[in-house]
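Here is the structure we will look at.
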There are 2 protein chains.
Amino acid sequence: MGATIKDIAELAGVSPATVSRVLSGQSDFYSEKTARRVHRAAKKLGYQKNTSAVELVTKTSKTIAVIVSSTQTNFADQIIDGIQEQAMQKDLNVIILYAGEKNAKLQKRALETVIERSVLGILLVAIDLDPSNDNLLRSANIPFLFLSICFRNHRFPFISSDDFKIGYQATTYLIEKGHVKIGFAAADLESFTGQLRLAGYRRAMDEYQLPTSPDWVSDGDFAYEDGVLAMKQYGEETQLTAVIASSDLAAIGILNQAQAFNVKVPNDLSVVSIDGTYLCNIVRPRITSVTQSFREMGIKGMQTLLGGKLDQFDLLYTGIGITERESAKSHG
Amino acid sequence: MGATIKDIAELAGVSPATVSRVLSGQSDFYSEKTARRVHRAAKKLGYQKNTSAVELVTKTSKTIAVIVSSTQTNFADQIIDGIQEQAMQKDLNVIILYAGEKNAKLQKRALETVIERSVLGILLVAIDLDPSNDNLLRSANIPFLFLSICFRNHRFPFISSDDFKIGYQATTYLIEKGHVKIGFAAADLESFTGQLRLAGYRRAMDEYQLPTSPDWVSDGDFAYEDGVLAMKQYGEETQLTAVIASSDLAAIGILNQAQAFNVKVPNDLSVVSIDGTYLCNIVRPRITSVTQSFREMGIKGMQTLLGGKLDQFDLLYTGIGITERESAKSHG
DNA sequence: CTGTTAGCGCCTTCAA
DNA sequence: TTGAAGGCGCTAACAG
């Protein structure tokens, strides 16, 4: 293939070791003169460093791996943006791998790929790791951190929004707007995230001594279709005056099905979504949301990952906040 | 770090060479018995192959790299899906890197990262490579192929939709619906893609002997805001009865600004977008689009990349088609 | 400041 | 079918 440091050494009339020192920028260990000679020779030969060789001997890599749950998670972009920003700043490379949705085999494959390459660190974005892969990840001896997902019992270190608070805040927002009958739609109730949010919703309703009904809670998977289904479940003549959607896409599903029912948002029904991605701004009516700090999640994620101490890592939540738009209004 | 084949060899009572043969599956070169022994030892030690070492000696890698222009290109997901499908099938790993939007430095960085790792092949999705990086890519001696972007004069091999045809087809569709005054909005007229589509639009208008006006063509960058701006440029009282948007997001921008103007879509104004991603289905009215075969682009991309012969590669266009939805209707 | 030497973990002849 | 030996390209002591 390409030229090696040996070729450069020959052309520049120095030893390979010197070339190595110059090229890897170990300043103070070579003279300006030889440095220039080496660089010139390298350029002339179109030299490209062989990362495999470097990593083989140094046993460290300058790339961090991001494993994402699928191509469909529309907020992952923001998290990755934050990661990239930090990587740039710290002169690290980032590679991204997809691990599908709840697919143990794909997860394993992605993990193996990055472990075999002994990356510097692994960030897992919205990955609900199959327990069969726990050991693989743990025994690799590579720092890792989960992003945008919560675990029970400190199974793994993670950074996420406080999902209980998300549910709580969305609900109190609506209650304080005068709503009493509030739906909770399209979250995956099997997931810890979904359960936390639901718990937050229930707590808020309880605190205000508002009755709830199982019919108001619809199961799903955070998807557009789940929003549509939820609205269908509530029905054309629903008694609900407000709904909390588990994601922006789910909220759009609710909006569209409401329109099909000729239920007016926000006049007949207020909708609050969770996430607050750009989608909230481009649909009409715009969607009021509990907005998560995804970009910050990426930034904090990188900082934490690189900061070490992941073993004694104690829960870090990134901020959330209500962004008011047109899809929710006061009731009564 | 982890165990090496030497450790395994010791534990299994064979030579490292044998372990290597067993683990890399060179069947016919070892007995079942030793194979079992080796595998058992490997599992016991939690062995993970050191990819750096393997690649250093074999000089080949089983991973293909995908470089994407940014996290914002919402159709890239579909292309990547297609790529992943093929990779899965051929037992290849894929890593994804972002190269920003028109950012020569980021492009260079991404290229270097993957070249240094001597990946099997490089797929560049929606990357308008800065000329300063042409040489880097070419001299790496790694097969590469551009996806979803066109080049003049065979600068690089690519697979894309036929952008001229896209412009032409969108226009004739509207003309045949009776529209005469048709806008062409929010495409980047500096890009070859934008120019081709515009040429297609003009050809169609010409063929039907329809006059056009420079005012009907708005420049932009395929973004949501460009759609909004285009509609503002056309104005509340526009004479246009139809507009072709350069992307789904741009179309949504047009929709929203039209609504702000109280211009009814499709009654007062028909809108056709280019791309046909899921966004077309979740906004109201749904958007009629010239739909591109992004997934197929990914699949064909992988096949072509791996098939070799990229030097004598002759243009391959993936299919397009009109998907009728509610945002466009007959005029007059 | 620079050259020499010895591997990193693995694959691959070559011989046995 | 297996083992021994050499080397991939690079870095890291250790001398000088």
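Throughout, protein chains are lettered first and strands after them, A, B, ... in sequence-line order, and every chain is numbered starting at 1. This structure is a prediction, so every number in the text was calculated from the model and none was measured.
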Worksheet item: Are any of B/Ser20's side-chain N or O atoms less than 4.0 Å away from OP1 or OP2 of C/dC11?
Response: yes
Discussion item. Quick one, B/Ile115 with B/Thr113, criterion side chain to side chain contact (heavy atoms under 4.5 Å, CB included). Give me CA distance, side-chain angles, the key distance, then yes/no.
Written reply: CA-CA 6 Å; B/Ile115 291 173; B/Thr113 304; over 6 Å; no
Discussion item. Evaluate A/Phe192 against A/Phe151 for ring pair (Phe, Tyr, Trp, His ring centres under 6.0 Å), listing each step before the verdict.
Written reply: CA-CA 7 Å; A/Phe192 192 38; A/Phe151 292 108; 8.3 Å; no
Worksheet item: Could you give the CG-to-P distance, from A/Leu23 to D/dG9, as a whole number of Å?
Response: 15 Å
Worksheet item: How many Å lie between CD on A/Glu55 and P on D/dA12, as a whole number?
Response: 13 Å
Fill in: Length of the NZ-P vector between B/Lys6 and C/dC11, whole Å
15 Å
Worksheet entry | B/Ser15 side-chain N/O to D/dG3 phosphate OP1/OP2 under 4.0 Å | yes
Worksheet item: A/Ala17 side chain: which of C/dC11, C/dT4, C/dC10 is closest?
Response: C/dT4
Response to the item:
Of B/Val57 and A/Gly13, the one whose nearest nucleotide on DNA chain C sits closer to the 5' end is A/Gly13
Practice prompt. Using a heavy-atom cut-off of under 4.0 Å over every strand shown, decide if A/Val54 touches base, sugar-phosphate, or nothing.
Written response: sugar-phosphate
Worksheet item: Looking just at side-chain N and O atoms, do B/Glu296 and B/Thr318 make a donor-acceptor pair shorter than 3.5 Å?
Response: no
Item to complete: Just call it for B/Val19: base, sugar-phosphate, or nothing, with non-hydrogen atoms closer than 4.0 Å on any strand.
Response: nothing
Worksheet item: Looking only at side-chain N and O atoms, does B/Thr34 come under 4.0 Å of OP1 or OP2 in D/dT1?
Response: no
Worksheet item: Among C/dC10, D/dT1, D/dC10, which is the nearest nucleotide to the side chain of B/Ser31?
Response: D/dT1
Between the protein and nucleotides 14-16 of chain D, which nitrogen or oxygen pairs are less than 3.5 angstrom apart?
none

Item to complete: Calculate the interatomic distance between B/Glu32 atom CD and D/dT2 atom C1'; express it in whole Å.
Response: 16 Å
Discussion item. It should be established whether B/Lys59 places a side-chain nitrogen or oxygen under 4.0 Å from OP1 or OP2 of nucleotide D/dG9.
Written reply: yes
Practice prompt. Decide if atom CD of B/Gln303 counts as having more than 12 heavy atoms of other residues, nucleotides or ligands within a radius under 6.0 Å.
Written response: yes
Practice prompt. Keeping to residues at least two apart or across chains, list the salt bridge (charged side-chain N to carboxylate O under 4.0 Å, His left out) pairs with something in residues 131-144 of chain A.
Written response: A/Asp134-A/Arg155
Practice prompt. Can you tell me the distance, in whole Å, between the CD1 atom of B/Ile5 and the P atom of D/dG3?
Written response: 12 Å
Practice prompt. Would you kindly give the NZ-to-P distance between B/Lys62 and C/dC11, to the nearest whole Å?
Written response: 12 Å
Worksheet item: Quick one: B/Arg36 CZ to D/dT1 C1', roughly how many Å, whole number?
Response: 15 Å
Discussion item. Heavy-atom nearest nucleotide on DNA chain D for B/Pro16 versus A/Leu56: which residue maps closer to 5'?
Written reply: B/Pro16
Worksheet item: Measuring from B/Ser61:OG to B/Ile142:CD1, what's the distance to the nearest 0.5 Å?
Response: 8.5 Å
Worksheet entry | A/Tyr47 side-chain proximity, nearest of C/dT2, C/dC10, D/dC10 | D/dC10
Worksheet item: In terms of side-chain heavy atoms of A/Thr58, which of C/dC10, D/dT2, D/dA12 is nearest?
Response: D/dA12
Worksheet item: Rounded to the Å, how far apart are A/Asn50 CG and D/dC8 C1'?
Response: 8 Å
Item to complete: Specify whether A/Phe156 and A/Phe144 have parallel, tilted or perpendicular ring planes, treating 30° as the upper limit for parallel and 60° as the lower limit for perpendicular.
Response: perpendicular
Worksheet item: Which is it for A/Leu124 and A/Leu147 under the side chain to side chain contact (heavy atoms under 4.5 Å, CB included) test, yes or no, and what are the steps along the way?
Response: CA-CA 6 Å; A/Leu124 299 102; A/Leu147 259 32; over 6 Å; no
